[in-house]
*Asks:* 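If you scroll down you'll find the structure; I have some questions about it.
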Amino acid sequence: MRTSQFPLSTLKETPADAEIISHQLMLRAGLVRKLAAGLYTWLPLGLRVLRKIEAIVREEMDQAGGLEVLMPAVQPAELWQESGRWEQYGPELLRVRDRHDREFCIGPTHEEIITDLLRQEMRSYKQLPALYYQVQTKFRDEIRPRFGVMRAREFIMKDAYSFHIDHASLEQTYALMHQTYCRIFDRIGLKYRPVQADSGSIGGEGSHEFHVLADSGEDAIAFSSDSDYAANTEKAEAMAVGGPRPDASAELASVDTPDTHSIDEVSTLLSVKPEQCLKTLLVKGNDSEVVALILRGDHELNEIKAQNLEAVADPLEMADADAIRTAANCDAGSIGPVGLNTPIIVDRSAAVLANFVCGANENGKHLTGVNWGRDLPDPDNNAIVDIRNVVEGDPSPDGNGTLSIARGIEVGHIFQLGQKYSSAMGATVLNDQGKDTVMTMGCYGIGISRIVAAAIEQNNDDNGILWPASIAPFKVSLIPINLHKSQRLRETVDKLYAELQSAGMEPLLDDRDGRPGGKFADAELIGIPHRLVISDRGLDAGTIEYRARTDTDNQDIAFDTVLEFLQGKLSD
RNA sequence: CGGGGUGUAGCGCAGCCUGGUAGCGCAAUUGCUUUGGGAGCAAUGGGUCGGGGGUUCGAAUCCCUCCACCCCGACCA
């Protein structure tokens, strides 16, 4: 491609509404332009990157036995009513009516459609297992789209669905997809981790997320120092720390703590560590007005774990000021479990504390030297559960090593759906006994457009993008110096360009009438991995100048060996 | 949806408080010079000041209202 015929819509200044580096660079490099909140147009340069990612995903999905289909983006309400999600989904589902006043939605995902298709196509267990996928535009009316294509409302996703006669078969395909995803992200060249995940609203049993590691990631993931254990912190199991519980040794006492409400304030005032305090949170209950959740002072509540508890209302909701007064006879900040007349749920680490500090259920007072079993009843065994977020240094739940926490961008998610959709929608086949059997399903997503942003987030420097070779829009930039002055240079450049082109090196020849500085800057901003600079000076010496995007120095290559040299670089 | 903020040329911003002919930088166009790290000089084009309403002799500026966008929280590939 020649820049004189290709729109390099680069910007020198950073658009004001771009927050994270990938969003800024995608706008500056001219990969995308915003149409409205969460809606982006892919410009020619950006589309080349997107297509490369798609190609890798397709190759690997095909390799794994996947069959590509293309389902409609617009979906009839009936199918969603059948699965029950027409009701479950909130405003995130964009609903529309056609001219006949029939209801449809713009698909945020395609479980209903594929299940409907395969319940018609599949008759026998002999046709199973089956793996279908598509690369499609999805629409989710996100509460808050942000970070450019990272969290857009309309985005491109590869979604795959598998169908099985039994759970064992699902597990095989699930394992195969796990491997396939690793191959895909390896090939793209990203630093990533597969982690155990909460399966969220899609539902089902087993679930892994694939996270690209980046400080700007919206998720926190925990992984072990000594084993393969890795999990989203939403899901990562928090073990008891500080146990076993020491014997009671301190006297119970009530102390005045006027105007102290937070754990920090209390621990500072009383000169004790936050981990020696108990934090008591009141949330709405299912069977009772409120439920008390008790954590060690330095720990944080994990809302997902809490709302998954039977006694706790889902979604989780904190008790309001009135409910707190009614239940504890004081205001938030002075609540404690001693004498509290509500159901109590205690985090594992809070249950092994002794001689602790907690609220006295009286404004301006705290209790010190409190002990389970002596000053208040020991919590029931089944009321001691994991309701906190893991923190750096926690023991790994598999017993090997300790946990570290990193930020990640979720680019892939695989689920064992089970029979949630197939049973709701009556997707059955005959088994080897001739009996109708509900198919078991898995689903597997990759955020194609999000990967573009994630790759940039992980690969950039002060001058711009550093594309991994596998997804760079062009592999080599060819920059002539003083092209207009030299007939010899023009001829040589045209010849070299043609050679690079036919060698499949995807060259971008900067034949614009500009100064070299601007061309260098553009080539770096858009992240082309290899650069050749060709000049009369070099031709006189029989050399051409090479520099990788990640190099700090130029090197002169004998002109005759350029092709060979580049071939070596490109196969690295 | 709750809380905070911003809308002025393609992009980045000033002007608004204290009303009086709409500005700066970059980008664009033309010409000349220049050509190894985002060139110089000269000229040119480009604005319903987010929309509507009001106050006023006069509104980008003050008031009301609607809209869009951004940031912080709940959602997810």
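Every chain is numbered from 1 and lettered A, B, ... according to where its sequence line falls, protein lines coming before strand lines.
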*Asks:* Please list, chain by chain and in numerical order, all residues satisfying salt bridge (Lys or Arg N to Asp or Glu O under 4.0 Å) with A:R512, sequence neighbours excluded.
*Replies:*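 Result, salt bridge (Lys or Arg N to Asp or Glu O under 4.0 Å) vs A:R512: A:D510, A:D522.
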*Asks:* Can you list, in residue-number order, the parts of residues 533-553 of chain A that come under 4.0 Å of RNA chain B, counting heavy atoms only?
*Replies:*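 Residues of residues 533-553 of chain A that come under 4.0 Å of RNA chain B are, in numerical order, A:V533, A:S535, A:R537, A:E545, A:R547.
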*Asks:* Would you please confirm or rule out a distance under 4.0 Å between OP1 or OP2 of B:rC76 and any side-chain N or O of A:R144?
*Replies:*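 No, because none of the side-chain N or O atoms of A:R144 sits under 4.0 Å from OP1 or OP2 of B:rC76.
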*Asks:* For A:W467, which residues count as a ring-ring contact (aromatic ring centres under 6.0 Å, His included) partner, sequence neighbours excluded?
*Replies:*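 Checked A:W467 against ring-ring contact (aromatic ring centres under 6.0 Å, His included); zero matches.
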*Asks:* Select base, sugar-phosphate, or nothing to describe what A:N554 touches, counting heavy atoms under 4.0 Å on all strands.
*Replies:*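 Since a base atom lies under 4.0 Å of A:N554, the category is base.
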*Asks:* Looking at RNA chain B, which of residues 508-517 of chain A put a heavy atom within less than 4.0 Å of it?
*Replies:*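 When residues 508-517 of chain A is checked for heavy atoms under 4.0 Å from RNA chain B, the hits, listed by number, are A:G514, A:R515, A:P516, A:G517.
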*Asks:* Applying a 4.0 Å non-hydrogen cut-off, can you work out what A:A152 is touching in the nucleic acid: base, sugar-phosphate, or nothing?
*Replies:*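 A:A152: base contact, heavy atoms under 4.0 Å.
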*Asks:* Taking side-chain hydrogen bond (donor to acceptor under 3.5 Å, both in side chains) as the definition, give me every residue that meets it alongside A:N460, ordered by chain and number, with sequence neighbours left out.
*Replies:*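 A:N460 satisfies side-chain hydrogen bond (donor to acceptor under 3.5 Å, both in side chains) with no other residue.
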*Asks:* Taking only the side-chain heavy atoms of A:E13 (C-beta and beyond), determine which of B:rG25, B:rC76, B:rG38 contains the nearest atom.
*Replies:*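 Within the option list, the nearest is B:rG25.
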*Asks:* Please work out which residues in residues 35-69 of chain A have a non-hydrogen atom less than 4.0 Å from an atom of RNA chain B and list them by number.
*Replies:*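 Result for residues 35-69 of chain A: A:A37, sorted by number.
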*Asks:* Could you check whether the side chain of A:R151 and the base of B:rC75 have a donor-acceptor pair of N or O atoms closer than 3.5 Å, going by distance alone?
*Replies:*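 Answer is yes: a donor-acceptor pair is held.
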*Asks:* So, under a plain 3.5 Å distance rule, would you say the side chain of A:R28 forms a donor-acceptor pair with the base of B:rC11?
*Replies:*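 Answer no: no donor N or O sits under 3.5 Å from an acceptor.
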*Asks:* Judged by modelled atom types alone, do A:N389 and A:T233 share a side-chain donor-acceptor pair under 3.5 Å?
*Replies:*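 Distance-only check fails for A:N389 and A:T233.
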